[in-house]
Amino acid sequence: MRTEREKGLMSNVRVRFAPSPTGYLHIGGARTALFNWLFARHNKGIFLLRIEDTDQQRSTPEATQAILDSMQWLGLNWDEGPFFQSDRLSIYKKHADNLVLQNKAFYDTDAEGRKAIRFKMLDGVTEINDLIHGVISFDTALIEDFVILKADGFPTYNFACVVDDAEMGITHVIRGDDHISNTPKQIALYNAFGFKLPEFAHIPMILGEDGSRLSKRHGATSVTEYRDKGYLPQALVNFLALLGWSPGNDQEIITLAEMIEKFSLKRAVKTSAQFNNTKMDWMNGQYIKSIPVEQLSPYTRGFFEKSGVDMTKISAEWLTALVRLYHERFKTFQDLVNQTGFFFSSTIEYDTASVEKFLKKEGITNLLKEVLAAISQLEAFDTKHLEDSLRALTTKLGVGFSKLAQPLRVSITGRSVSAGIFETMELLGKEVSLQRLDYTIKNLCNQ
RNA sequence: GCCCCCAUCGUCUAGUGGCCCAGGAUGUCAGGUUCUCAGCCUGAAGACAGGGGUUCAAAUCCCCUUGGGGGUACCA
């Protein structure tokens with residue numbers, strides 16, 4: 001409950017996010033939700049959630065749940081709702097009947113014999129003063145009488161939307177600009193009812209990386225996919241906020257609090273944006289680096305488990321050490337899992353090109369034997385002692401350290417790219433490190 | 001077809017008539033750090049879609065063309 005004092009501080013701004021539950025929440029929808037949410041929070045208004053489930057064929061409870069989950073994951077909490085249009089059928093019916101009574105709508109039967117209520121569109125010019133686009137005008141003679149109540153008793157989108165926005169006291173309709181051409185129909189409805197018009201703000205759509213409409217073939221398009229691939233919600237929110245809005249300076253990393261403080265529709269852009277996964281990755285990496293490893297590492301556990309790693313014997317301390325070692329090297333949790341597989345399996349895969357390049361060369365067998373001998377002696381198998389011992393070895397042999405590091409790296413990790421080799425060996429432990437070295441010498445080098 | 005929206009580096013954007021031979025970020029390239037890669041640091045290349053106006057002056061205003069997107073459903 002809000003106190004009287006809090007009510008007094010609130011503005012009368014009321015906005016909503018109104019998705020249809022026909023699929024996952026995709027990033028375009030998420031961005032629309034975010035803009036509404038930011039607008040509400042900035043203005044100390046109300047943000048409500050309404051599920052537009054008037055398409056009986058395509059709406060599913062699973063999709064509704066996925067949308068709710070995604071909203072929560074992103075941190076876009078709502079103040080009222082979720083309201084379901086399917087619960088409000090009698091309201092739409094009442095309003096539709098009313099329009100028929102006033103001769104503003106009529107029953108109509110189509111070729112298939114289905115009987116619906118159709119709204120009479122009057123000829124004229126309708127102007128909307130969009131908060132983002134300015135004045136847009138339409139010749140309503142070009143718009144035909146449209147169905148408002150379907151044969152199945154469900155309202156159509158334009159009708160339910162207007163009835164609900166009016167009844168729920170929505171002051172600002174912030175939605176994708178694919179709805180611009182629906183607006184004159186909706187205004188006609190507002191006028192027929194005598195409802196007060198809300199403000200309209202049509203924000204541009206988000207396009208796929210090739211500039212075409214976002215679809216399945218663009219890869220990850222839903223919020224849940226980004227979650228499952230190991231992106232951070234705050235990074236996705238930051239990225240989405242900057243798609244179509246800018247804080248007015250050169251700032252790229254911006255906290256939620258700053259977004260709320262600075263958000264304004266005046267700084268929203270008109271042009272549609274292409275979602276760029278590369279920059280999204282960079283931004284996620286920035287967020288990952290900004291979070292202390294102790295705080296970050298618990299979140300990684302689930303991703304390892306999902307990839308099939310048995311984590312029951314992995315201690316929190318060890319996991320944190322691993323995350324620390326890779327902290328600046330991974331951009332998503334999935335990326336971390338991909339980079340560190342060799343830590344978790346007893347038999348690792350060796351990259352053939354790396355083996356060819358660094359192991360199947362003259363003198364490598366002997367070199368690695370020397371390494372094995374040197375580090376076998378070590379009492380303390382840690383970064384410092386490993387480094388001291390192996391640097392001393394290269395000095396003794398008169399070779400550059402990189403001549404030793406790469407073959408060693410391939411032996412231990414199976415690949416030519418990894419975090420620091422001493423740290424890696426320390427984390428892997430003496431036993432496993434020696435085993436892999438031994439295996440490499442016996443099986444992979446030229447004898 | 002008709003109606004509507006949009007148009008600055010590859011991408012996201014700053015820019016609202018002079019501060020812009022256009023700034024930042026990302027990505028790319030080069031150099032540095034270094035056991036590899038990543039990271040980090042430094043530097044470079046990279047855009048006002050085209051054409052007409054208006055104006056002393058246009059990325060910014062107007063028109064046309066072109067391109068992209070959306071709508072034109074008993075989908076939302």
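Sequence lines set the chain letters: A, B, ... in the order given, protein chains first and strands last, and positions in each chain run from 1. What you see below is based on every heavy atom in this structure, not just the backbone, and it leaves out hydrogens, waters and symmetry mates.
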*asked:* Measuring only the C1' atom in each nucleotide, how far is B:A7 from B:G15? A whole number of Å is fine.
replied: 15 Å
*asked:* For the C1' atoms, the ones on B:U8 and on B:C40, what distance do you get once it is rounded to whole angstrom?
replied: 30 Å
*Within less than 4.0 Å of OP1 or OP2 of B:C5, is there a side-chain N or O belonging to A:His202?*
no
*Please state the P separation for the pair B:G50 and B:A59 - nearest whole angstrom.*
11 Å
*In whole Å, what is the span from the CG atom of A:Asp210 to the P atom of B:G10?*
17 Å
*asked:* Just to verify, what does A:Glu144 make a side-chain hydrogen bond (donor to acceptor under 3.5 Å, both in side chains) with, not counting sequence neighbours?
replied: none
*asked:* Is the positively charged end of A:Lys229 above the ring of A:Phe333, judged by distance under 6.0 angstrom from the centroid and angle within 45° of the axis?
replied: no
_Heavy atoms from C-beta onward define the side chain here; which of B:C74, B:C5, B:A7 lies closest to that of A:Lys150?_
B:C74
*How would nucleotides 20-35 of chain B be written as a contact map, 5' to 3', with B for base contact, S for sugar-phosphate-only contact and - for no contact, using protein heavy atoms under 4.0 Å?*
---BBBSS-------B
_Nucleotide B:C5, atom P - distance to CZ of A:Phe200 in whole Å_ = 15 Å
Output side-chain donor-acceptor pairs under 3.5 Å for residues 351-361 of chain A, partner residues at least two apart or in another chain, one line each.
| residue | atom | partner | partner atom | Å |
| --- | --- | --- | --- | --- |
| A:Asp351 | OD2 | A:Ser354 | N | 3.0 |
| A:Asp351 | OD2 | A:Ser354 | OG | 2.5 |
| A:Ser354 | OG | A:Ser416 | OG | 3.4 |
| A:Lys360 | NZ | A:Leu444 | O | 2.6 |

*Round to the nearest Å and state the distance from A:Leu142 atom CG to B:C3 atom P.*
7 Å
*Does B:C2 pair with anything, Watson-Crick or G-U wobble, both distances under 3.5 Å, and if so, with which nucleotide?*
B:G71
*What distance, rounded to whole Å, do you find between the two C1' atoms, one in B:C2 and one in B:G18?*
42 Å
*Name the nucleic acid region contacted by A:Asp281, choosing base, sugar-phosphate or nothing; use a 4.0 angstrom heavy-atom cut-off, strictly under.*
nothing
*Would you mind classifying the nucleic acid contact of A:Lys289 as base, sugar-phosphate or nothing, using non-hydrogen atoms under 4.0 angstrom?*
sugar-phosphate
*Is any side-chain nitrogen or oxygen of A:Ser137 closer than 4.0 Å to OP1 or OP2 of B:C4?*
no
Which protein N or O atoms sit under 3.5 Å from an N or O of nucleotides 44-47 of chain B?
none

*Reckon A:Arg118 has a side-chain N or O less than 4.0 Å from the OP1 or OP2 of B:C74?*
yes
Show me the donor-acceptor pairs, under 3.5 Å and distance only, between side chains in residues 120-129 of chain A and residues at least two apart or in other chains.
| residue | atom | partner | partner atom | Å |
| --- | --- | --- | --- | --- |
| A:Lys120 | NZ | A:Asn103 | O | 3.2 |
| A:Lys120 | NZ | A:Asn103 | OD1 | 3.1 |

*In the strands shown, is B:U36 matched to any nucleotide by a Watson-Crick or G-U wobble pair with both distances under 3.5 Å, and which?*
none
Dump the pairs, protein N or O against N or O of nucleotides 60-70 of chain B, anything under 3.5 Å, distances to one decimal.
| residue | atom | partner | partner atom | Å |
| --- | --- | --- | --- | --- |
| B:G70 | O2' | A:Asp178 | O | 3.2 |

_Measuring only the P atom in each nucleotide, how far is B:G17 from B:C62? A whole number of Å is fine._
12 Å
*asked:* Heavy atoms only, 4.0 Å cut-off, all strands: where does A:Glu112 land among base, sugar-phosphate and nothing?
replied: nothing
*Touch check for A:Thr22, heavy atoms < 4.0 angstrom, all strands: base, sugar-phosphate only, or nothing?*
nothing
*Please measure how far the C1' atom in B:U33 lies from the corresponding atom in B:U26, and state the result in whole Å.*
23 Å
*Look only at the side chain of A:Lys150 and the backbone of A:Thr54, and say whether a donor-acceptor pair between them is shorter than 3.5 Å.*
yes
*Return yes if a side-chain donor-acceptor contact under 3.5 Å exists between A:Asn182 and A:His179, otherwise no.*
yes
*Is A:Ala116 touching bases, backbone alone, or none of the nucleic acid, heavy atoms closer than 4.0 Å?*
base
*In whole angstrom, give the distance that lies between atom CG of A:Asn238 and atom P of B:C12.*
17 Å
*Does a nitrogen or oxygen in the side chain of A:Arg267 sit under 4.0 Å from OP1 or OP2 of B:G15?*
yes
_Spacing between A:Ile132 atom CD1 and B:C4 atom C1', to the nearest angstrom_ = 16 Å
*Parallel, tilted or perpendicular: which fits the ring planes of A:Phe275 and A:Tyr226, with parallel below 30° and perpendicular above 60°?*
tilted
_Regarding A:Asn366 and A:Glu370, do their side chains bring together a donor and an acceptor under 3.5 Å, going by distance alone?_
no
*Identify the nucleotide, in any strand shown, that forms a Watson-Crick or G-U wobble pair with B:A7, with both distances under 3.5 Å; if there is none, say none.*
B:U66
_Between the base of B:A76 and the side chain of A:Asn182, is there a donor and acceptor pair under 3.5 angstrom?_
yes
*With side chain to side chain donor-acceptor pair (under 3.5 Å) as the test, would you mind laying out the steps for A:Thr171 and A:Arg14 before giving the verdict?*
CA-CA 5 Å; A:Thr171 57; A:Arg14 291 175 64 85; over 6 Å; no
_Candidate nucleotides B:A14, B:U36, B:U72, ranked by approach to the side chain of A:Lys185 - the nearest_ = B:U72
*Please state the P separation for the pair B:U60 and B:C6 - nearest whole angstrom.*
15 Å
*With a 3.5 angstrom cut-off on both distances, give the Watson-Crick or G-U wobble partner of B:A58, or none if there isn't one.*
none
*Check whether the side chains of A:Gln286 and A:Glu252 place a donor and an acceptor atom closer than 3.5 Å, and report yes or no.*
no
*Which base sits across from B:U28 as a Watson-Crick or G-U pair, both distances under 3.5 Å?*
B:A44
*Indicate the ring-plane relationship of A:Tyr350 and A:Tyr439, choosing parallel, tilted or perpendicular according to the 30° and 60° boundaries.*
parallel
_Using only atom types and a distance under 3.5 Å, with no angle test, would you say the side chain of A:Gln102 pairs donor to acceptor with the backbone of A:Lys104?_
no
_Pairing partner (Watson-Crick or G-U wobble, both distances under 3.5 angstrom) of B:U16_ = none
_In this structure, how many angstroms lie between the P atom of B:A73 and the CZ atom of A:Phe154, rounded?_
22 Å
_Could you tell me how far B:C48 sits from B:C29 if I compare only their P atoms? Round to whole Å._
23 Å
*Could you tell me whether A:Arg175 contacts a base, only the sugar-phosphate backbone, or nothing, with contacts defined as non-hydrogen atoms closer than 4.0 Å?*
nothing
_A:Gln274 and A:Glu209: CA distance, side-chain angles, deciding distance, side chain to side chain donor-acceptor pair (under 3.5 Å) verdict_ = CA-CA 5 Å; A:Gln274 296 181 213; A:Glu209 295 208 284; over 6 Å; no
*asked:* Between A:Gln234 and A:Asn238, is there a side-chain donor-acceptor contact under 3.5 Å, judged purely by atom types and distance?
replied: no
*asked:* Measure CG/A:Asn249 against P/B:A14 and give the value in whole Å, please.
replied: 11 Å
*Let me know the distance between CD1 of A:Ile206 and P of B:C6, rounded to the nearest Å.*
18 Å
*Taking the six-membered ring for Trp, is the centroid-to-centroid distance between A:Trp245 and A:Phe263 below 6.0 Å?*
yes
*Within the structure shown, what part of the strands sits under 4.0 Å from A:Ser418 by heavy-atom distance: base, sugar-phosphate, or nothing?*
base
